Amino acid sequence: MKYPKLPSRSENFAEWYNQLVLRAELADYAPVRGCMVVRPYGWALWENIQQALDQRFKATGHQNAAFPLLIPLSFFEKEKEHVEGFAPELAIVTHGGGKKLEEPLAVRPTSETIIGYMWSKWIRSYRDLPQLLNQWANVVRWELRTKLFLRTLEFYWQEGHTAHATREEAEEETMRMLGIYEEFARTEAAIPVVSGQKSESEKFAGAVATYTIEAMMGDRRALQAGTSHFLGQNFAKAFNIQYLDRNNQLQYVWTTSWGLSTRFIGAIIMVHGDDQGLRLPPRLAPIQAVIVPIWKTDEEEARVMEVARNLKERLSQEVLYRGKPLRVHLDDRDHVTPGFKFNDWELRGVPVRIEIGPKDLEARAVTLARRDRPGREGKESVPLDRLAEHLPRLLDDIHESLYAQAKAFLESHLHDVETYEDLKAVVREGWARAWWCGRAECEAQIKADTTATNRCIPLEQPGGEGRCVVCGEKATVKAIFARAY
RNA sequence: CGGGGCGUAGCUCAGCCCGGAGAGAGCGCACGGUUCGGGUCCGUGAGGUCGGCGGUUCAAAUCCGCCCGCCCCGACCA
C-alpha cells in the first residue's frame with residue numbers, strides 16, 4: 001500500500017490523532033518545543049469557530065478589544081490564588097533592547113490582571129458598568145507535556161472579561177456565557193456536552209466558581225471544551241476596581257471571565273473523526289462541498305471541467321447555507337486520480353463530495369457522497385437542477401447525524417454508579433456519575449486509585465440525596481468522574 | 001521533573017552490533033508518456049554538514065565521551 005492508512009482509532013487513538021492532525025494539514029510542529037504552527041486548513045476551521053462565537057458575543061452586548069501580550073510580573077502577585085496557579089507556568093521576559101529590565105514582564109497566560117488594572121482606571125461610576133469585553137488572543141503557558149491543539153505552550157483563544165455592579169448580574173453573565181458555549185458546541189460543532197460546575201480543587205486559580213462544558217472524546221476521555229468563571233470580587237479587590245453606586249457609596253465590582261481555545265479543534269477531531277480521517281461538522285468546515293471531476297478522454301475532460309467550473313461558481317454564489325455563501329472547492333488537480341482525491345478529501349473531513357463524470361453528465365446529474373456514511377451507502381445521484389436546494393438540507397442532515405452519533409456515544413458510556421467498585425470499573429471505559437460528598441479528599445482518593453478526576457458537578461441534578469461513593473457520608477449532588485485530557 | 005524512544009534525502013526508515021570500495025530503499029518532488037467512477041503504471045532526474053562538538057584510528061554514519069533537539073508514557077494544566 002503506497003499510502004499507509006491511518007492507525008485505527010481503536011488500536012492506537014493517540015497515534016491516530018497525531019497523524020491525522022499532521023496529514024490533514026491542520027497543524028505541524030514548530031521548531032520550538034511544545035509549539036505548533038496552525039496551517040491554513042486548521043486556521044480556516046478556527047476562523048469559522050471565531051465567527052460563530054464572535055457573532056454570539058456581539059449579540060449579547062460584548063465588544064472586542066486588545067490588551068498587551070506583556071504583563072508586569074508584579075500584577076500576578078496581587079491575587080494570591082491566581083499567582084499560585086499560574087506562577088509555575090509563566091514565561092518571563094527579563095531582557096529588552098539589550099538591557100536587563102527593571103521589572104520582568106510575563107507573557108500573558110490569561111489577562112484578568114491587566115484588564116483589572118485598566119478597569120481600575122476606567123470605572124468610576126455605576127454608569128460605567130457593566131463592562132462587557134472580549135479579546136481574541138494568543139497566550140503562553142509553559143506546559144510540560146504537550147499535544148497538538150490540546151496542550152501547547154502557546155495557544156489561541158478568546159477570553160471574555162466582564163465587570164458588573166452586582167453579584168447577581170455577574171453570576172447571570174457567567175451562566176449566560178456557559179450557555180452560549182453549550183449551544184455553540186451543539187449547534188455549530190455537533191458536539192454534545194455536559195455543563196456543570198468545577199469542584200474547588202479543579203476550579204480556575206482566582207475564581208469563586210468555575211463552570212465548564214465537558215465533551216467525551218472518541219476514546220471516552222473527557223475534555224474541558226470551554227469554561228466560564230465567576231470571579232466574585234477577588235480581582236476587584238486585588239486591583240482596586242471600585243465605583244460609586246446610586247447612593248454615592250464606594251463599591252467593588254463583580255467580575256467574570258470565560259474562554260474557549262484552539263483546543264476545541266482537538267475536540268472536533270476526537271469526537272467526530274473516524275478511521276478514514278476527519279469528519280468536520282458542516283457548519284464549521286472550511287470546505288463544505290468538494291467537487292471531484294472524473295474523465296477518461298480529453299474530450300470528456302473538457303466537457304466535465306466546464307460543467308464543474310460552472311457548478312462551483314453557481315453554488316458558491318447562489319446557495320446560502322445558514323445565511324452564508326456555501327463554501328465549495330473544485331479539485332481540478334490533473335495529476336492525481338479520482339480515487340486518490342476521494343481518500344484525500346475524506347481524510348480532510350469535507351462533509352459532502354460532488355462527483356461529476358461522463359455518466360453523471362449523461363443523466364444531467366451529479367453523484368453526492370456524504371462523509372458521515374461510509375462507501376456506497378452514502379452515495380446518491382441528484383439532478384443538477386435540484387442541487388442548489390438539496391445541498392443545504394443535506395448539510396443539515398449530516399450535522400444532525402453527527403450530533404446524534406456523538407450524543408448516543410456519550411450516553412452509552414456515561415453510567416450512574418452506586419458503589420466504589422462500580423466507579424473504578426466504569427472509569428476505565430467511560431464516565432461515572434456518582435453521589436459525592438463535596439470533600440476534596442474523596443476526589444483525591446478517586447484520582448489516586450483510578451487517575452480519573454472530578455470533571456464537574458452537572459447543572460442537571462437528580463435531586464434528593466445519597467451516600468458519597470467514596471466515604472459513604474451524606475451527599476446532595478452527583479458528580480462526573482472520568483479520565484481526562 | 002521521572003520513565004521510554006528517536007535523530008542518516010522533504011517524509012518513513014535500512015545500514016551501525018562486526019570501522020574500509022561509489023551513502024542506500026520506498027514514498028514524495030520535477031519532467032515525459034500512460035492512466036483516471038475508490039489511494040494508476042513506466043521511464044528519466046534533482047535532492048544528503050549521516051543532530052552538534054570532541055576523542056580513538058592509517059581510516060568513523062558505524063567505536064567512546066560530552067552536548068543539543070524532538071516525540072511518546074506518567075505527575076501539572078485550557
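Note on naming: letters A, B, ... go to the chains in the order of the sequence lines (proteins, then strands), and numbering restarts at 1 for each one. No hydrogens, no waters, no symmetry mates; every other heavy atom, side chains included, goes into these values. The shown structure was predicted, so the numbers you read here are calculated from the model rather than taken from an experiment.
A:Trp254 CH2 to A:Phe230 CZ: the interatomic distance, rounded to the nearest 0.5 Å, is 5.5 Å.
Between the side chains of A:Glu380 and A:His390, a donor-acceptor pair is found at a separation under 3.5 Å. No donor-acceptor contact under 3.5 angstrom links the side chains of A:His82 and A:Glu84, judged on distance only. A donor-acceptor contact closer than 3.5 angstrom links the side chains of A:Asp54 and A:Trp136. Checked by atom type, the side-chain pair A:Ser257/A:Glu112 shows a donor-acceptor distance below 3.5 Å.
Nucleotide B:A25 forms a Watson-Crick or G-U wobble pair with B:U12, both donor-acceptor distances falling under 3.5 Å. For B:C63, the paired base is B:G55 (Watson-Crick or G-U wobble, both distances below 3.5 Å). Across all strands shown, B:G32 pairs with B:C42; the Watson-Crick or G-U wobble distances both stay below 3.5 Å. B:G7 is paired with B:C68 under the Watson-Crick or G-U wobble criterion, all donor-acceptor distances under 3.5 Å. For B:A75, there is no paired nucleotide, since no Watson-Crick or G-U wobble pair has both relevant distances below 3.5 Å.
Within 4.0 Å of A:Ala225, counting heavy atoms only, lies no atom of the nucleic acid at all. Note on A:Phe204: nothing from the nucleic acid sits closer than 4.0 angstrom, heavy atoms only. Within the 4.0 angstrom heavy-atom criterion, no nucleotide atom of any strand lies near A:Phe264. Here A:Glu89 lies in heavy-atom contact (under 4.0 Å) with sugar-phosphate atoms only. Contacts of A:Thr146 with the nucleic acid, taken as non-hydrogen atoms under 4.0 Å apart, involve only primed sugar atoms and P, OP1 or OP2. Within 4.0 Å (heavy atoms only), A:Glu346 reaches at least one base atom of the nucleic acid. Here A:Leu223 lies out of heavy-atom contact (under 4.0 Å) with every strand. A:Lys447 comes within 4.0 angstrom of the backbone, heavy atoms only, and of no base.
Among B:G39, B:C77, B:U40, the nucleotide with an atom closest to any side-chain atom of A:Thr337 is B:U40. The side chain of A:Pro338 approaches B:G37 more closely than any other nucleotide in the set B:C77, B:G39, B:G37. Closest to the side chain of A:Asp344, from the set B:G38, B:C77, B:G39, is B:G39.
Test A:Lys341, A:Lys379, A:Arg370 against A:Glu355 for salt bridge (charged side-chain N to carboxylate O under 4.0 Å, His left out) and you get one pass: A:Lys379. For the pairing with A:Val107, the side chain to side chain contact (heavy atoms under 4.5 Å, CB included) check across A:Val140, A:Leu90, A:Ile92 returns one residue only, A:Val140.
One cannot find a donor-acceptor pair under 3.5 Å joining the base of B:C77 and the side-chain atoms of A:Arg141.
A distance of about 4 Å separates the C1' atoms of B:C50 and B:U8, rounded to the whole Å. Nucleotides B:A25 and B:C63 have their C1' atoms positioned 26 Å apart, rounded to a whole Å.
Phosphate proximity of B:C72 to A:Asn18: present, with a side-chain N or O under 4.0 Å from OP1 or OP2.
Contacts between residues 265-300 of chain A and RNA chain B, defined by a heavy-atom separation below 4.0 Å, involve A:Ile294, A:Trp295, A:Lys296, listed by number. Sorted by residue number, the members of residues 353-373 of chain A with any non-hydrogen atom under 4.0 Å from RNA chain B read A:Arg353, A:Glu355, A:Gly357, A:Pro358, A:Lys359, A:Asp360, A:Thr367.
Between A:Phe235 and A:Phe239, the ring planes lie parallel to each other; the angle is under 30°, not in the 30° to 60° tilted range.
Considering only residues two or more places apart in sequence or on other chains, A:Ser10 meets the side-chain contact (heavy atoms from CB on, under 4.5 Å) condition with A:Ser8.
The closest donor-acceptor contact from the side chain of A:Thr212 to the backbone of A:Gln224 lies at 3.5 Å or more, if one exists at all.
Mapping A:His335 and A:Arg483 onto RNA chain B by nearest heavy atom places A:His335 closer to the 5' end of the strand.
The shortest non-hydrogen separation linking A:Gln135 to A:Phe67 is OE1-N, 2.8 Å.
When the P atom of B:G38 is taken as reference, atom CH2 of A:Trp345 falls 19 Å away, rounded to whole Å.
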